[in-house]
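Step one of this worksheet: look at the structure below.
None of these values were measured; they are calculated from a predicted model.
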Amino acid sequence: MGSVAQFFGATGIVLVLAAGLAACGAADATEADLDRLELAFASADVELGSEVFGDSCSVCHGSDGSGGVGAALGGIDERLSVRSHLAVVWTGRGSMPPFGGILTDAEIAAVVAYQRSTFGDE
């Protein structure tokens with residue numbers, strides 16, 4: 001019999017863990033969390049953000065950001081401020097699980113920078 005990782009794959013395990021945390025009720029991002037994330041965003045690595053998006057976000061938002069299970073990301077920079085966008089990734093929203101505590105601050109900042117630079121103004 002194969003391992004859980006072989007059965008579900010790495011992405012499946014991340015989603016299962018994230019869903020488990022969401023079910024437990026992740027805490028909202030504090031002002032200190034958001035201040036820290038905004039500092040990380042100022043020097044975010046968009047290439048890292050692309051990797052994080054592919055690993056953690058594309059399964060729901062689509063590899064092209066067009067949506068599916070998750071919301072379409074086109075024009076995300078018009079709908080959310082940077083701070084609000086960071087808060088959504090940290091805390092989750094609706095069926096989206098929280099990634100605070102799963103992804104590092106640098107990864108959250110990077111994926112937000114990637115989403116805004118790739119899917120903004122669409």
Side-chain angles (χ1 to χ4, degrees):
M1 203 171 251
S3 71
V4 173
Q6 289 171 325
F7 183 75
F8 289 108
T11 301
I13 291 195
V14 167
L15 291 174
V16 168
L17 290 173
L21 285 175
C24 294
D28 287 340
T30 65
E31 291 301 313
D33 292 328
L34 294 174
D35 290 345
R36 198 178 62 249
L37 290 168
E38 280 187 315
L39 284 174
F41 180 82
S43 60
D45 178 351
V46 175
E47 190 171 314
L48 171 62
S50 175
E51 294 172 22
V52 173
F53 184 83
D55 291 343
S56 301
C57 309
S58 65
V59 69
C60 292
H61 292 287
S63 60
D64 62 355
S66 62
V69 174
L73 298 174
I76 191 71
D77 59 334
E78 297 295 322
R79 294 193 313 268
L80 294 174
S81 68
V82 170
R83 193 171 181 91
S84 293
H85 197 164
L86 292 164
V88 167
V89 176
W90 178 274
T91 306
R93 178 187 282 177
S95 63
M96 180 180 154
F99 286 93
I102 294 172
L103 298 176
T104 66
D105 289 354
E107 290 169 326
I108 290 173
V111 78
V112 167
Y114 170 76
Q115 289 174 5
R116 296 177 80 78
S117 67
T118 304
F119 307 120
D121 296 325
E122 288 186 3

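Between the CG atom of L80 and the CD atom of Q115 there is a distance of 9.5 Å, given to the nearest 0.5 Å. Here the CG-CD1 distance, from L86 to I108, works out to 8.0 Å after rounding to the nearest 0.5 Å.
With hydrogens and angles disregarded, no donor-acceptor distance shorter than 3.5 Å links the side chain of H61 to the backbone of A72. Proximity of a side-chain donor or acceptor of T91 to a complementary backbone N or O of A29 within less than 3.5 Å is detected.
Residues A44 and A113 share a closest heavy-atom pair of CB-CB, 3.7 Å. The minimum heavy-atom distance between H85 and I76, with the atom names listed, is CE1-CG1, 3.5 Å. The two residues S58 and G54 make their nearest non-hydrogen contact at OG-O, 3.0 Å. S95 approaches V69 most closely through the heavy-atom pair OG-O, 4.4 Å. Here the closest heavy-atom approach between residue V112 and residue V89 is recorded as CG2-CG2, 3.8 Å.
At least one side-chain heavy atom of L37 sits less than 4.5 Å from a side-chain heavy atom of W90. Side-chain contact between V111 and E107 is absent, with no heavy atoms from C-beta onward closer than 4.5 Å.
Residues in residues 33-45 take part in these salt bridge (charged side-chain N to carboxylate O under 4.0 Å, His left out) pairs, two or more places apart or across chains: D33-R36, D35-R83, R36-D105, E38-R83.
The aromatic rings of F119 and F53 lie tilted to each other, with the angle between the two planes from 30° to 60°.
When the shell of 6.0 Å around CZ of R79 is examined, it contains more than 12 heavy atoms from other residues, nucleotides or ligands.
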